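Shown next, in structure tokens, is the structure this report addresses.
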Amino acid sequence: MAETKNLLLLFEHPTEPVFMDKGKTVTVFDVPDNFLTDRYRPISNEVQSRVGEKVQQRVPVREISIPDLRIPMSLGREEQFSLFIPKHRRIAGRLIDIFVNMRSIDDLQSVAVYARDRVNPVMFNYALSVALLHRPDTQGLDLPSFAQTFPDRFVDSQVFRQLREESFVVQEGSRMPIVIPRDYTASDLEPEHRLWYFREDLGINLHHWHWHLVYPFEASDRSIVDKDRRGELFYYMHEQIMARYNMERFSNNLARVQPFNNLREPIVEGYFPKMDSLVASRAWPPRFDNTRLSDLNRESDQINVEVADMERWRDRIYEAIHQGFVMDERGNRIELDEARGIDILGNIMESSILSPNRTLYGDLHNFGHVFISYSHDANNKHLESFGVMGDSATAMRDPAFYRWHAYVDRVFQEHKSRLPAYTEPQLNYTGISITGVQVAANGGQPNMLTTHWRQSDMDLSRGFDFTPRGNVFARFTHLMHVPFTYTINVNNDGGAQRFGYVRIFMAPKNDERGQPMLLRDQRLMMVELDKFVVSLNPGPNTVRRRSTESSVTIPFERTFRNLDANRPTAGSADELEFNFCGCGWPNHMLIPKGLPEGLKCDLFVMVSNYENDRIDQQLVGRCSDAASYCGVRDRLYPDRQSMGYPFDRLPRTGADRLVNFLTPNMSIVDVNIRHENRVA
């Protein structure tokens, strides 16, 4: 029987033929002659014996009858693959179905080996990843980081020549990391470039890719897509990205991002990615300043959509919000109520197979990405593929991503603004009061957080094709903060032990003009930092929590990770949960950069009644640790309240500022975030 871990070798060296050697333990697949492509079948013995003398492990591949792969093979191997293009989603969904429905690991290995050299490499990676995450017999596998198999989506193309030279000339033990330059996509003449460290961060872009792996759009098995509160999670994860991005803008003396709310206006910001796609052997196309969207007519992608279609979809979604219901395909009303409304709207906006009426409400979010990513060649006159906005692994590099998602979030907030405000009884936890909050770095000044730069290495050898084997390291510069600890003093006036749900948020105190923020605006910049359960004994309690324990983030090592060094022991519950943990905000980006003189923020802490908020379920393993943005694998979202509570709705009358919003179970403290421009 095939070993499940051998399936992971199929991710390595994605454009090389499948029979080439893979893995740190030199491994080859013994591929049946019939499985080879037409180029290599006549010379099977010659090519398969080339790596013979150094092989340490052989993996037999059983010859089986192969399912119909005509649909998956209809996307060319050299084409770019995009989850935002409906045709590509359908093709990928078919390949996912084939992988998920194979009866055994042996059969899955056989069909994956056969498909690997025939289907698009990026789509193969996506479909096999989704299948391995969702098949019961492969859930324990630890998926390799997408950055390690497709480094071209994360690295300046100029660095590749240096990496190749290093791997070709220098023996493995003597190789040096190649430093990726910090400022390679623009100069200081472009104000948006001040945010390079956020938009082009490896961990942030990996989070976005992995989130879409865990929450795929299409599959014939509805359970793969239909996860608990999926639509709401789409809204909340992206809303939090926008809150974080706007705090970073304040950290660089820039105003909040302007929503792209008029599709007929030019996109002021250009973007020149300076990356090459190794699959397509093409440079990622740029977008010039002041580019306008045009009607799309691209026959090869089966796209014929007008800007007016987008405007119609938008208007129908707004109409549904204002009427308080959507119509399904049979003409039935589905109420947009307090409990499910945001979840339904999220599924309509992202337009997965869960959308109640794709015909009526369209595909607004995804086609926003498609229109922007094709704006340089809308009718395919120049045979150019899509720009970085068309790929979930690269979209967050583009300033237009944030303008588009600021608008998407504005639509969601239209619904949220129509819900009744939380009342004091809904917010209060009778008998529980917070008497003090402090946050401090180890041995540091209270309520002063510090950020700086750090350099970290990542092994990109798995994605380096047709080069000598062995580690090839790239050195990334990224933001880092000094780890800190929250100390929260809570009083329990009741006579018995009680359980509280501690919710920690942070937002800037002042707007871009230096004026104190109104809560109706400040709530949209409330960044969730942590959420955890605490038991409260009668009387005073002191709660301490480290920043590294955040429910939002995954540990630093899982972004810049060595998969083999960090994996849990084989067969353990921890191992089962490990790959889901690729989804999560990177811990090194937990707090914004801040300013040299300090960015003044409100740190908000609330202890809500856990008995009202709890979801009764067993959370085994470690992958509930980034549940705030990613949920928990095969479980319900571990909080009964709306995502973003208590800031997901407009404040009650009289609570125009944060200080007026507080009930006794809440507290705020002034925090300063200071940036030191040094590499440590």
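Computed from a predicted model, the values in this text were never measured in an experiment.
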Sub-3.5 Å donor-acceptor pair from the side chain of [X] to the main-chain atoms of [Y], do we have one?
{"X": "Asp309", "Y": "Glu306", "result": "yes"}
{"X": "Glu248", "Y": "Lys593", "result": "yes"}
{"X": "Ser373", "Y": "Val388", "result": "no"}
{"X": "Gln522", "Y": "Pro508", "result": "yes"}
{"X": "Tyr629", "Y": "Gln240", "result": "no"}
{"X": "His210", "Y": "Leu206", "result": "no"}
{"X": "Asp295", "Y": "Val307", "result": "yes"}
{"X": "Glu414", "Y": "Ile321", "result": "no"}
{"X": "Glu512", "Y": "Arg256", "result": "yes"}
{"X": "Asn366", "Y": "Phe84", "result": "no"}

Would you say [Y] and [X] are linked by a side-chain donor-acceptor pair, where the criterion is simply a distance under 3.5 Å?
{"X": "Asp391", "Y": "His369", "answer": "no"}
{"X": "Ser375", "Y": "Thr291", "answer": "no"}
{"X": "His88", "Y": "Glu79", "answer": "no"}
{"X": "Gln413", "Y": "Arg418", "answer": "no"}
{"X": "His675", "Y": "Thr451", "answer": "yes"}
{"X": "Tyr271", "Y": "Glu192", "answer": "no"}
{"X": "Asp301", "Y": "Tyr374", "answer": "yes"}
{"X": "His376", "Y": "His382", "answer": "no"}

Are there more than 12 heavy atoms of other residues, nucleotides or ligands under 6.0 Å from atom [atom1] of [X]?
{"X": "Arg222", "atom1": "CZ", "value": "yes"}
{"X": "Tyr318", "atom1": "OH", "value": "yes"}
{"X": "Gln258", "atom1": "CD", "value": "no"}
{"X": "Leu360", "atom1": "CG", "value": "yes"}
{"X": "Gln515", "atom1": "CD", "value": "yes"}

Indicate, with yes or no, if the rings of [X] and [Y] have centres closer together than 6.0 Å.
{"X": "His238", "Y": "His208", "answer": "yes"}
{"X": "Phe505", "Y": "Phe647", "answer": "yes"}
{"X": "Phe234", "Y": "His365", "answer": "yes"}
{"X": "Tyr361", "Y": "Trp313", "answer": "no"}

Legend entry - Gln302 and Pro86, any side-chain heavy atoms less than 4.5 Å apart: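 No, too far: nothing below the 4.5 Å cut-off.
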Legend entry - Gap separating the CG atom of Leu419 from the CG atom of Leu650, nearest 0.5 angstrom: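 Rounded to the nearest 0.5 Å, the CG-CG separation comes out at 9.0 Å.
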Legend entry - Rounded distance (nearest 0.5 Å) linking atom CE of Met526 with atom CG of Leu519: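 So the gap between those two atoms works out to 6.5 Å.
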Can a salt bridge be assigned to the pair [X] and [Y] using a cut-off of 4.0 Å between side-chain N and carboxylate O?
{"X": "Glu239", "Y": "Arg244", "answer": "no"}
{"X": "Arg229", "Y": "Asp343", "answer": "no"}
{"X": "Arg199", "Y": "Asp398", "answer": "no"}
{"X": "Glu350", "Y": "Arg230", "answer": "yes"}

Legend entry - Test: Arg410 cationic atom under 6.0 Å from Tyr407 six-membered ring centre, within 45° of axis: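 No, cation not above the ring by the 6.0 Å, 45° rule.
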Inset, instruction - Using the salt bridge (charged side-chain N to carboxylate O under 4.0 Å, His left out) rule, collect all pairs that involve residues 351-368, keeping only residues at least two apart or in two chains. - result: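 Found Arg89-Asp363, Glu218-Arg358.
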Inset, instruction - Sort and list the pairs that fulfil salt bridge (charged side-chain N to carboxylate O under 4.0 Å, His left out) and have at least one residue in residues 364-376, not counting sequence neighbours. - result: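 As it turns out, there is no salt bridge (charged side-chain N to carboxylate O under 4.0 Å, His left out) pair with a partner in residues 364-376 once direct neighbours are skipped.
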Inset, instruction - Carefully, step by step, assess Asp648 and Tyr235 under the rule side chain to side chain donor-acceptor pair (under 3.5 Å). - result: CA-CA 11 Å; Asp648 64 300; Tyr235 141 74; 5.7 Å; no
Legend entry - Asp315/Arg312 under salt bridge (Lys or Arg N to Asp or Glu O under 4.0 Å): CA gap, chis, key distance, verdict: CA-CA 5 Å; Asp315 294 344; Arg312 270 192 294 277; over 6 Å; no
